[in-house]
Amino acid sequence: MTNETMTKKTPSTSTKQHQPFEYEFGGPIGAFLTTLLLPPLTLLLTHAASTGKLTSLLDTDFLLHHLSSAVGSSISGGSSSFSSSRLVPCLIATLAWFLFQVLLQKVLPCELVQGAPLPRNDNDTSAGVGGGGKGDCKRITYRINGHLGFWVTLLLLGFGWPYWKFIDEASSAAAAAAGGDGWWTLQFGCAPLHLLYDYYTELATASIIWCTLLSIYLYARTHTHRSSTETTTTSPLLLAKGGQSGNHIYDFFIGRELNPTWGPNHTGFEWKEFCELRPGLILWVVLNLAFLSVQHSNLGYVSSSMLLVNAFQFFYVWDALYQERAILTTMDITTDGFGFMLVFGDMVWVPFTYSLQARYLVDHDPGMGWVGITVILLVNMVGYGIFRGANSQKDAFRRDPSHPSVSHLKYHPTERGTRLLISGWWGLARKVNYTGDWIMGLSWCLVCGFGSVVPYYYAVYFAILLVHRSERDEHMCREKYGADWGRYKELVPYRFIPGVL
């Protein structure tokens, strides 16, 4: 929607000291409760997906059994079938999955793309995303090869999974003469995806543990690195404006450092963009495929609903990875710090709750007819058309407003020197891409029929998320553009649905 250049001047220290910090997500209390409740809610949602009952969200026995294993205790008195003997392999597997995705990012061919301009700290770590002038801006170079990594991962899981097989040749004349019964040979084939179904909740628990540890490391790093810069030549970390409240709980949740990076630019490892698109999104698709394979094993066929939800979400993830460079100008990358909120969201919430519909369909398929399938296909196509059309138009305009595909668009010039689109998709509504995204998500829920409200959690949750996110966007744009934002809202008065909302 904008051709952003983050050139806002840094207020003086004395001025900033008199400005009250603006909390989000309910402030420290909201951050604490969200951090505390999201892990058990994730586990309970995986349970509800298997039972198909909303009341499973209140199953405290199930929750205590799993949490007790996660902390190495035995609250349930040892009666739980879920034990640390199941959790340890899942901890190893989830770590191996992450490291494998890192390896692919590093070794596969890539396009080196510079991200949006970011301010330099210049010995002022409080500058955040709001500091620095144009001369102070720097750019992070990203390795764009997520799309290739996606296909390499699927090819490996489908055809290149190594396993040992014993060849029994005892009855052959050659083996009998040699006095042997056979030998072991290394072969390649399809990965045992059914294990992801069998260990679904344990894998979620393992991911929660790793993400919590990573969040602790990222938060501690901002303090240890900061103190080390006082006696070394290492440059200070670039902190996110929203992660400098001074409250440990809130800053841990929201994220202090803007773009945590290991190593120098070009050759280093940037945590946030990688985690945003690689481990969690690709795992989401793999989990869906595991549920599809289990349904086929159980029923002898794959239902139309299971095929649809796999196709819809496969295409959604593929599209995100194919359009990887478009994420570099989003709020998650340019504005938000990388803390528990994004770490947990990217690598736990997305794969283990967005796959809920496919998990539900393993045991609760509605037997969707052709009329329902056709309607749902149309709903998904409309949502995708709005979502991708709007986002592609915005990204193209940000990169090159003179490009023939967007040069005809009308815009409102601002005093900052940037342009706010007021025609095309963005003349219909200020967050029209959110509307398309939600419509797509609704189609994922509809494939589950109406036998339970559990699969519809996503439509409800995502609506709340998008409304809250739009409020954050509105607040930031009011600060960023001042009076120009008010004039822009007069030109584009609707937020989500033209003429309605």
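All values below were derived from every heavy atom in this structure, side-chain atoms included, with hydrogens, water molecules and symmetry-related copies excluded.
Using a cutoff of 4.0 Å between basic side-chain nitrogens and carboxylate oxygens, E257 and K272 are not scored as salt-bridged. A salt bridge links E474 and R430; the closest N-O separation between the charged side-chain nitrogens and carboxylate oxygens is under 4.0 Å. By the 4.0 Å N-to-carboxylate-O rule, E111 lies close enough to R325 to be salt-bridged with it. One finds a salt bridge joining D484 and R487 here, because a Lys/Arg side-chain nitrogen approaches an Asp/Glu carboxylate oxygen to under 4.0 Å. Checked for salt-bridge contact, R388 and D319 meet the test: a charged N lies under 4.0 Å from a carboxylate O. A salt bridge links E324 to R278: at least one charged side-chain nitrogen sits closer than 4.0 Å to a carboxylate oxygen.
Classified by interplanar angle (parallel below 30°, tilted 30° to 60°, perpendicular above 60°), the ring pair Y488/W485 is tilted. Using a 30° and 60° split on the angle between ring planes, Y217 and W271 fall in the tilted class, from 30° to 60°. Between F274 and F98, the two ring planes are perpendicular [angle over 60°; tilted spans 30° to 60°].
Side chains of S423 and Y411: no donor on one and acceptor on the other come within 3.5 Å. Looking at N391 and N433, their side chains do bring a donor and an acceptor atom within 3.5 Å of each other. Side-chain atoms of T153 and Q101 include a donor-acceptor pair closer than 3.5 Å. Checked by atom type, the side-chain pair Y219/R256 shows no donor-acceptor distance below 3.5 Å. Between the side chains of Y316 and N380, no donor-acceptor pair of N or O atoms lies under 3.5 Å. The closest side-chain donor-acceptor pair between S245 and N247, if any, does not fall under 3.5 angstrom.
Sorted by first and then second residue, the pairs that involve residues 90-100 and meet side-chain hydrogen bond (donor to acceptor under 3.5 Å, both in side chains), not counting sequence neighbours, are T94-W210.
A distance of 9.5 Å separates CZ of F352 from OG1 of T42, quoted to the nearest 0.5 Å. Once rounded to the nearest 0.5 Å, the distance linking CZ of R419 with CG of L421 reads 9.5 Å. To the nearest 0.5 Å, atoms CH2 (W318) and CG (L321) are separated by 10.0 Å.
When ring centroids are compared, Y23 and F25 stay outside the 6.0 Å threshold. Residues F291 and Y200 place their aromatic rings such that the two centres sit under 6.0 Å apart. A distance of 6.0 Å or more separates the ring centres of Y457 and Y360.
Contact annotation: the side chain of F344 approaches that of P39 to within less than 4.5 Å [non-hydrogen atoms, C-beta and beyond].
Just one residue in the list Y384, W444, F150, F387 forms a ring-ring contact (aromatic ring centres under 6.0 Å, His included) with F315, and that residue is Y384. For the pairing with V348, the side-chain contact (heavy atoms from CB on, under 4.5 Å) check across L203, T205, I208, I209 returns one residue only, I208. Checking L308, I376, V375 one by one against L446, the side-chain contact (heavy atoms from CB on, under 4.5 Å) holds for a single residue, I376.
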Exercise. L193 and L287: side chain to side chain contact (heavy atoms under 4.5 Å, CB included), yes or no, with the steps?
Worked result: CA-CA 8 Å; L193 295 180; L287 286 170; over 6 Å; no

For this session: Could you walk me through whether K241 and E22 pass salt bridge (charged side-chain N to carboxylate O under 4.0 Å, His left out), step by step?
Result: CA-CA 10 Å; K241 182 180 179 181; E22 296 185 8; over 6 Å; no

Exercise. Run the side chain to side chain contact (heavy atoms under 4.5 Å, CB included) check on F269 and T261 step by step: do they pass?
Worked result: CA-CA 5 Å; F269 177 72; T261 305; 5.9 Å; no

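In plain terms, the two heavy atoms of L218 and V343 that are nearest each other are CD1-CG2, 3.9 Å.
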